[in-house]
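Worksheet for the structure shown next.
Proteins come first, then strands; the chains are lettered A, B, ... in the order of their sequence lines, and each starts at number 1.
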Protein chains: 2
Amino acid sequence: MDTRHMRYFMALAETLHFGRAAGRMNMSQPPFSRQIAMIERTLGVKLFERNSRNVALTPAGKHFMKDCRNVLGQFEEACRDVGLIASGMKGEMRFGFMMHAAHSVVPQLVQLYAEARPDVRLVLDERTPTEIDEMLVAGTLDAAVTFDCGYAPHLQTVLLARERLRIIMRKDHPLATVGQIGPEELREEKIIAAPAATAPALRSAINSYFSARGIVPHVVLEPRLQHTIIQLVAKGLGVALIPASLCTELGAGLISRALTNAPQLDVVLRAPITTKNPAVSTFMEIGKSIQRALL
Amino acid sequence: MDTRHMRYFMALAETLHFGRAAGRMNMSQPPFSRQIAMIERTLGVKLFERNSRNVALTPAGKHFMKDCRNVLGQFEEACRDVGLIASGMKGEMRFGFMMHAAHSVVPQLVQLYAEARPDVRLVLDERTPTEIDEMLVAGTLDAAVTFDCGYAPHLQTVLLARERLRIIMRKDHPLATVGQIGPEELREEKIIAAPAATAPALRSAINSYFSARGIVPHVVLEPRLQHTIIQLVAKGLGVALIPASLCTELGAGLISRALTNAPQLDVVLRAPITTKNPAVSTFMEIGKSIQRALL
DNA sequence: ACGATCAATGCTTTCAGGGTATCAGATGGA
DNA sequence: TCCATCTGATACCCTGAAAGCATTGATCGT
């Protein structure tokens, strides 16, 4: 038995006429009759009640017709889908991003992609920048939005946005009313910042902002999540330098201020150059279109 | 493309080795390699990444593998099922019965059959005896439990039970305390009985019970459903002769009494002799076993 | 460098399955 | 009743898809 036989069967089941069914299969009646007989012999079941005048389905034939319709439908769908998957029109893509990017470029990126490739299932995965780098290398992620942490030979990179850092503090903090805030003004402040092991690009930007003026920042707390940092600042445990896009949704007791010569961080979209998932390429293309809009 | 090709593909996808996959398909490696190449060419998709040393699935190949597993599973299930259906092990059977038989033989019959043929879907259909006869002829029902209404050449018949008629009345009815109740005692009573058009066997049994003594019963109401008859008796609108099996669940205000020379009705299982549904035969066999237990 | 392994290619062969001609049973009109 | 016609089954032939065998070419381990 084969799908071809099922198609023969379906042709006869639908027309109930050997000649016409054979014609539909682009063949002559005699070999068609033989095929039907063969099907019945191999299945060991009479599918048609027939004499030289009439053809009718047996009950078993009626049931088999339903089953064949399903099987043939799924069969053809499978053959069609594999082409779509190979061309990236369908399939799955695992997409990682650092938490605070969820507030800026990620929604736009995801929405544009979902419109362009509605049949690709996007698996979103929020991670820290370090985790993202590891997962990109390991192949656990197909693409990710993270901070540009420099040279990465096996990754292709698309710049999505530039983010300046701003400083956040409680509204009752002395610095809340100072005109200019730079490294010198923060020399004695308690700084809260993510550890280098979690967000290397962010932390090194903060560090060099201070060290360029010969100052060693007084980092008192090192939570891994930006969310936690904001909460700790709200509790009055220190001030923090965070990406500007995170400053739009601060709690009531907090205020953000610009920094003089504020450090800039590049938010990039990255994917392994050697990716075998064809769904990734259009994702990167959409990233590039966002990049063009940026310039 | 054909299921055979899918099987080739699956063999290679599972072994990732042309030689072993070919062996599993009982063929030598060269034609197997050609078939895989053919599949990729017809689908227009690279399914395997391979050199002379390693074989690996592409992402499209991985997806196709899942789809193939489904399709092949359903394909084989369909081929297997058609045999089961033809042998009556699986399928559907439409079974009709008159309402009051639901209280006597039907539960036993249905239960025994469901145990013997768990994969046959029993479609139960409660009907009046006349409707049942029509549907058996029309082929809308595969088998039915009804009253024996005499000669029916195109039907096979199995006696399932003999039911005597009893008379029901309100507890406060004068006849409730009379010793013997026969046609004479009922001469002046208001009788409630189903019309001959709905239940010919039942009605003619009632009629001849009276006419044997030269009495014409005074039928005042002719509801189609036994259920309705009982309710009308409860309302005091008359008395009724109903099958004994219906007397076990009378309401509180009603009482049933035996009749002298009570009429008997045969409850039979019937199916068209020419039935093409193979699920019916065991149903009839179970009917016969009930018949044997009856003697 | 060499042998072992494994997929690809070339050539031959076979049989599954298609084509044509014909038969046989059933139906309906003259 | 008989014949024309329709329809499925059979007989026989033929083609090509696909299998086998022999061999090549590439890659890896020793």
Side-chain angles (χ1 to χ4, degrees), chain A residues 1-58 60-62 64-65 68 72 75 79 274 276, chain B residues 1-58 60-62 64-65 68 72 75-76 79 86 274 276:
Chain A
M1 275 294 288
D2 234 332
T3 42
R4 185 171 46 92
H5 296 114
M6 278 193 173
R7 271 184 273 269
Y8 290 165
F9 167 78
M10 285 301 289
L12 183 56
E14 283 170 2
T15 61
L16 294 177
H17 187 289
F18 278 75
R20 277 189 279 281
R24 184 187 289 197
M25 291 289 104
N26 296 313
M27 62 195 284
S28 58
Q29 172 262 321
F32 184 83
S33 286
R34 266 200 309 265
Q35 289 298 330
I36 295 293
M38 244 270 280
I39 293 168
E40 290 185 324
R41 189 145 35 82
T42 46
L43 291 180
V45 173
K46 249 190 125 47
L47 298 170
F48 297 97
E49 214 66 67
R50 55 189 181 278
N51 51 38
S52 58
R53 207 69 199 164
N54 297 308
V55 179
L57 279 163
T58 62
K62 279 201 192 96
F64 193 52
M65 198 174 157
C68 283
L72 289 176
F75 177 86
C79 293
T274 61
K276 277 178 287 181
Chain B
M1 274 295 288
D2 233 332
T3 43
R4 184 169 48 90
H5 297 114
M6 277 194 173
R7 272 185 272 269
Y8 289 165
F9 167 77
M10 285 301 288
L12 184 55
E14 283 170 2
T15 61
L16 294 178
H17 187 288
F18 278 76
R20 278 188 279 280
R24 185 186 288 195
M25 292 289 103
N26 297 314
M27 61 196 285
S28 58
Q29 171 262 319
F32 184 84
S33 287
R34 267 197 302 264
Q35 287 299 327
I36 295 293
M38 242 271 280
I39 294 168
E40 291 184 324
R41 190 145 34 84
T42 45
L43 290 179
V45 173
K46 248 191 127 45
L47 298 171
F48 296 98
E49 214 65 69
R50 56 189 180 278
N51 50 39
S52 58
R53 207 72 199 163
N54 297 310
V55 180
L57 279 162
T58 62
K62 279 202 191 96
F64 194 52
M65 196 174 159
C68 284
L72 288 176
F75 177 86
E76 271 147 35
C79 292
T274 60
K276 278 177 286 180

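We find that CD of B/Q35 is positioned 8 Å from C1' of D/dA17, with the value rounded to whole Å.
Residues satisfying the side chain to side chain donor-acceptor pair (under 3.5 Å) criterion with A/S33, sequence neighbours excluded, are A/Q29. Under the rule for a side-chain contact (heavy atoms from CB on, under 4.5 Å), the partners of B/K276 that lie at least two apart in sequence or sit in another chain are A/E49, A/P59. For B/N54, the side-chain contact (heavy atoms from CB on, under 4.5 Å) test picks out B/N51, with sequence neighbours left out. Here A/F64 pairs with A/F9 under the ring-ring contact (aromatic ring centres under 6.0 Å, His included) rule; sequence neighbours left out. Here A/R4 pairs with A/Y8, A/Q35, B/D2 under the side-chain contact (heavy atoms from CB on, under 4.5 Å) rule; sequence neighbours left out.
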- Message: Between B/F75 and A/M6, is the side-chain contact (heavy atoms from CB on, under 4.5 Å) condition met? List the steps.
- Response: CA-CA 10 Å; B/F75 177 86; A/M6 278 193 173; 3.4 Å; yes
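Between B/L57 and B/F48 there is a side-chain heavy-atom pair separated by less than 4.5 Å.
Distance check: B/E76 CD to B/T3 OG1 gives 8.5 Å after rounding to the nearest 0.5 Å. The CZ atom of A/R7 lies 7.5 Å from the CE atom of A/M25; values are rounded to the nearest 0.5 Å.
Within residues 2-23 of chain B, the residues having any heavy atom closer than 4.0 Å to DNA chain D are, in order of number, B/R4, B/H5, B/Y8. Near-neighbour residues of DNA chain C inside residues 36-49 of chain A, defined by a heavy atom below 4.0 Å, number-ordered: A/M38.
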Below 3.5 Å is the cut-off: list the nitrogen or oxygen pairs between protein and nucleotides 21-26 of chain D, distance only.
from: D/dA26; atom 1: N3; to: B/S52; atom 2: OG; distance (Å): 3.4

Taking distance alone, no hydrogens or angles, what donor-acceptor pairs closer than 3.5 Å link side-chain atoms of residues 11-23 of chain A to residues at least two apart or in another chain?
from: A/E14; atom 1: OE1; to: A/R24; atom 2: NH1; distance (Å): 2.7
from: A/E14; atom 1: OE2; to: A/R69; atom 2: NH1; distance (Å): 3.4
from: A/T15; atom 1: OG1; to: A/A11; atom 2: O; distance (Å): 2.9
from: A/T15; atom 1: OG1; to: A/H17; atom 2: N; distance (Å): 3.3
from: A/T15; atom 1: OG1; to: A/H17; atom 2: O; distance (Å): 3.3
from: A/H17; atom 1: ND1; to: A/G19; atom 2: N; distance (Å): 3.1
from: A/H17; atom 1: ND1; to: A/R20; atom 2: N; distance (Å): 3.0

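Sorted by first and then second residue, the pairs that involve residues 36-45 of chain B and meet side-chain hydrogen bond (donor to acceptor under 3.5 Å, both in side chains), not counting sequence neighbours, are B/E40-B/R50.
Scanning DNA chain C 5' to 3' for nucleotides with an atom closer than 4.0 angstrom to a non-hydrogen atom of chain B gives a first and last hit of C/dT5 to C/dC11.
The two residues A/L72 and A/M10 make their nearest non-hydrogen contact at CD1-CG, 3.8 Å.
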